[in-house]
2 protein chains.
Amino acid sequence: MLSKKSQYAFKALTYLAEKYKEGPVLISEISKKKKIPLKFLENILLELKKEGILDSRKGKGGGYFLKKDPSKVKVATVIRLINGPIAMLPCVSLYFYERCKDCDEKHCGLHDMMIEVRDATLNIVENRTLKDLLV
Amino acid sequence: MLSKKSQYAFKALTYLAEKYKEGPVLISEISKKKKIPLKFLENILLELKKEGILDSRKGKGGGYFLKKDPSKVKVATVIRLINGPIAMLPCVSLYFYERCKDCDEKHCGLHDMMIEVRDATLNIVENRTLKDLLV
DNA sequence: TTATTACCCTACCAAATAAGTAGACTAAAA
DNA sequence: TTTTAGTCTACTTATTTGGTAGGGTAATAA
């Protein structure tokens, strides 16, 4: 399951995608329009900025805006940044890999199946961007 | 991500699948062989029994055993029982559906994409059984 | 140059969930 | 009737999630 934080992130990002190239958008505006707790949203946006997805301007006329074109921001990237691993097991994760203890990956049916699940999921989320989320 | 509990459940179930039709297996044996905390495993097995996947016998010579053939126990079923929803959002879950608040499912790109992800995942886990987990 | 605006940053808190434990109870055999 | 082994209720503890508080800092414009 995606955390609420992730859902908030996607709402905020699609909002900013709609307003791409229209200048900075206030946190408070996003908060109001998308019904996301203001201070929580601040944290999320700041994180997305540090990761290079958003940029911001301070002072009057300031706010947040997408750093890249919406079609360049992959859904998979956002999930990994805010939510964490996409795979269902650490031992099959590409970006958050951890070795199984007490279990031989070479002889584990669950492992093999979870690789398939991971790839099926990646096949979708790696090939979709913020642009695709706009209806 | 699958919880540790789910991973324990799968380890225990594949162990029992290997010993299918060989009579009851002690909780303590599974605990030892699969390195699962004994009391925690008790809870898990009991849950799986209540859900109709396992059966048990008390007293000497007792233990747990699969109620059905390993090829009849779907991976999807086990995940739902022990881990919960397979979908990434409540609003696209088949068995744990919850309506999105503040969001129109008819006009939500994330929603649509998550249905695809769900179906891609289900296509795998609904068509695999404990038997497939044995290497 | 100073007031205002708006993001930046650190730290904290409460609720929920995950992970694991304790101990008494009950049923089946030997 | 003793031993064995699962059943059941109820904890405890650790981690994660979802948020809040409040001062700091940078940019803008009067």
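Protein chains get the first letters and strands the later ones, always in sequence-line order, with residue 1 at the start of each. Owing to the predicted nature of the structure, the values given are computational and were not obtained by experimental measurement.
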How close or far is atom [atom2] of [N] from atom [atom1] of [X], stated in whole angstroms?
{"X": "B:Asp55", "N": "D:dA5", "atom1": "CG", "atom2": "P", "value": "17 Å"}
{"X": "A:Leu41", "N": "C:dA6", "atom1": "CG", "atom2": "P", "value": "15 Å"}
{"X": "B:Met1", "N": "C:dT17", "atom1": "CE", "atom2": "C1'", "value": "17 Å"}
{"X": "A:Ile44", "N": "C:dC7", "atom1": "CD1", "atom2": "C1'", "value": "15 Å"}
{"X": "A:Lys58", "N": "D:dG23", "atom1": "NZ", "atom2": "P", "value": "17 Å"}
{"X": "A:Glu47", "N": "D:dG18", "atom1": "CD", "atom2": "C1'", "value": "13 Å"}
{"X": "B:Ile82", "N": "C:dA18", "atom1": "CD1", "atom2": "C1'", "value": "13 Å"}
{"X": "B:Ile27", "N": "D:dT4", "atom1": "CD1", "atom2": "P", "value": "15 Å"}

At under 4.0 Å between heavy atoms, what does A:Leu26 touch on the DNA or RNA strands: base, sugar-phosphate, or nothing?
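A:Leu26: backbone/sugar contact only, no base atoms under 4.0 Å.
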Which part of the nucleic acid, if any, lies within contact of B:Leu45, taking any heavy atom under 4.0 Å across all strands shown: a base, the sugar-phosphate backbone alone, or nothing?
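No contact.
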Any N or O donor-acceptor pair linking the side chain of [X] to the base of [N] at under 3.5 Å?
{"X": "A:Asn43", "N": "D:dT20", "answer": "yes"}
{"X": "B:Lys5", "N": "C:dG20", "answer": "no"}
{"X": "B:Lys60", "N": "D:dG6", "answer": "no"}

Short side-chain N/O contact to [N] OP1/OP2 from [X], under 4.0 Å:
{"X": "B:Ser28", "N": "D:dA5", "result": "no"}
{"X": "A:Lys49", "N": "C:dC8", "result": "yes"}
{"X": "A:Tyr8", "N": "D:dG19", "result": "yes"}

Given [options], the nucleotide with the shortest approach to the side chain of [X]:
{"X": "B:Glu42", "options": "D:dC8, C:dA6, D:dT20", "value": "D:dC8"}
{"X": "A:Lys4", "options": "D:dG18, D:dG22, C:dA28", "value": "D:dG18"}
{"X": "A:Phe40", "options": "C:dG23, D:dT28, D:dG19", "value": "D:dG19"}
{"X": "B:Lys50", "options": "D:dC8, C:dC7, D:dA5", "value": "D:dC8"}
{"X": "B:Lys39", "options": "D:dC8, D:dT28, D:dG19", "value": "D:dC8"}
{"X": "A:Leu46", "options": "C:dT26, D:dG19, C:dC8", "value": "C:dC8"}

Between B:Lys34 and B:Glu29, is there a salt bridge with N-O shorter than 4.0 Å?
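Here B:Glu29 does not pair with B:Lys34 in a salt bridge, since their nearest N and O are not under 4.0 Å apart.
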Taking the six-membered ring of A:Tyr15 as reference, does the cationic atom of A:Lys11 (NZ for Lys, CZ for Arg) lie under 6.0 Å from its centre and within 45° of its axis?
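Because its charged atom misses either the 6.0 Å distance or the 45° angle limit, A:Lys11 does not stack over A:Tyr15.
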Can you pull out every ring-ring contact (aromatic ring centres under 6.0 Å, His included) where at least one residue sits in residues 40-63 of chain B? Sequence neighbours excluded, please.
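Residue pairs with at least one partner in residues 40-63 of chain B: B:Tyr8-B:Phe40.
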Just do the salt bridge (Lys or Arg N to Asp or Glu O under 4.0 Å) check on A:Lys5 and A:Glu47 with the steps written out, would you?
CA-CA 11 Å; A:Lys5 189 177 173 188; A:Glu47 215 172 320; 3.0 Å; yes
Side-chain donor/acceptor of B:Ser31 to backbone N/O of B:Ile36, under 3.5 Å:
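Pair found, side chain donor or acceptor close to backbone of B:Ile36.
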Among A:Leu45, A:Ile44, A:Leu48, find the residue that satisfies the side chain to side chain contact (heavy atoms under 4.5 Å, CB included) test when tested with A:Leu13.
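Among the candidates, only A:Leu48 passes.
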For A:Arg57 and for A:Ser6, locate the closest nucleotide of DNA chain D by heavy-atom distance; then report the residue assigned to the nucleotide nearer the 5' terminus.
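Counting from the 5' end, the first nearest nucleotide belongs to A:Ser6.
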